[in-house]
Every structure is written in structure tokens, then in C-alpha cells.
Amino acid sequence: MKTLDFTDIKAQINSNKPVDWPLVPAHLVPEILRYWLRRLPEPLIPFYSFSEFSQARDRTVLRREVDSLPEINQFILQTIIEACLNSVD
């Protein structure tokens, strides 16, 4: 079974083809995420709320900031966090 390299994965992402994640080496996953986040038309955490996010010191404040994001941004952020937590288990 051939593992995918970053060029293969970028080509799949750019052509909206699904990525065969079991073939992706673990060390490339953060690189792919960074590549994808940088290609978003708008930042996941919009500029207007970045300061509040970076200054959040407890869960209540952070939850309020997350709840103020557009729904799609909330979903993406939740999915990324869940994927990170699942990778640690």
C-alpha cells in the first residue's frame, strides 16, 4: 500500500477529491491542516474576534467567544478539536 505524500494530498484537496486518510503519514496531518486553513477565504477565527480569543483565560469566556462565531466556523473548530483529542487517546 502506497503512502501519500504532501503533493498527492494537495492535488486531492485542490480537486475536491476525498483524501484516503489511512494512507497519510501522521507527520503530514498538521501540515495539511495548516495548508487548508491558509486557503480559507476568511480566517477560522475572524480578525474582529481574534483579540478576545487570545485573551480568553477561562472556559466560560472561551465558550462565549466560540458561540459568537459563524455556525460553520464553530463546526470546523469543533471538528478540529475533536480530531486532536481523538488522536491523543
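Only heavy atoms go into these numbers, but all of them, side chains included; no hydrogens, no water, no symmetry mates.
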Sort and list the pairs that fulfil side chain to side chain donor-acceptor pair (under 3.5 Å) and have at least one residue in residues 55-65, not counting sequence neighbours.
-> S51-Q55, R63-D67
Who passes side-chain hydrogen bond (donor to acceptor under 3.5 Å, both in side chains) against E31, sequence neighbours left out?
-> R34
Partners of Y48 by side chain to side chain contact (heavy atoms under 4.5 Å, CB included), sequence neighbours excluded?
-> P46, P70
Is V61 reachable from V66 through a run of hydrophobic residues whose side-chain heavy atoms are each under 4.5 Å from the next?
-> no
The complete set of salt bridge (Lys or Arg N to Asp or Glu O under 4.0 Å) pairs with one or both residues in residues 6-18, sequence neighbours excluded, reads K2-D8
Going by the ring-ring contact (aromatic ring centres under 6.0 Å, His included) test, which pairs reach into residues 25-44, not counting sequence neighbours?
-> F6-Y35
For E42, what residues pass the side-chain hydrogen bond (donor to acceptor under 3.5 Å, both in side chains) criterion, not counting sequence neighbours?
-> none
Look up atom CG in L69 and atom CD1 in I76, then write down how far apart they are to the nearest 0.5 Å.
-> 10.5 Å
Spacing of CG belonging to L44 relative to CG belonging to L33, to within rounding of 0.5 Å | 9.0 Å
Contacts of type side chain to side chain contact (heavy atoms under 4.5 Å, CB included), residue A11, not counting sequence neighbours = none
In short, side chain to side chain donor-acceptor pair (under 3.5 Å) pairs touching residues 68-79 with sequence neighbours left out are Q78-E82
Joint hydrophobic cluster, L40 plus F50, side-chain heavy atoms closer than 4.5 Å | yes
So CD1 of I45 and CZ of F53: to nearest 0.5 Å the spacing works out to 4.5 Å
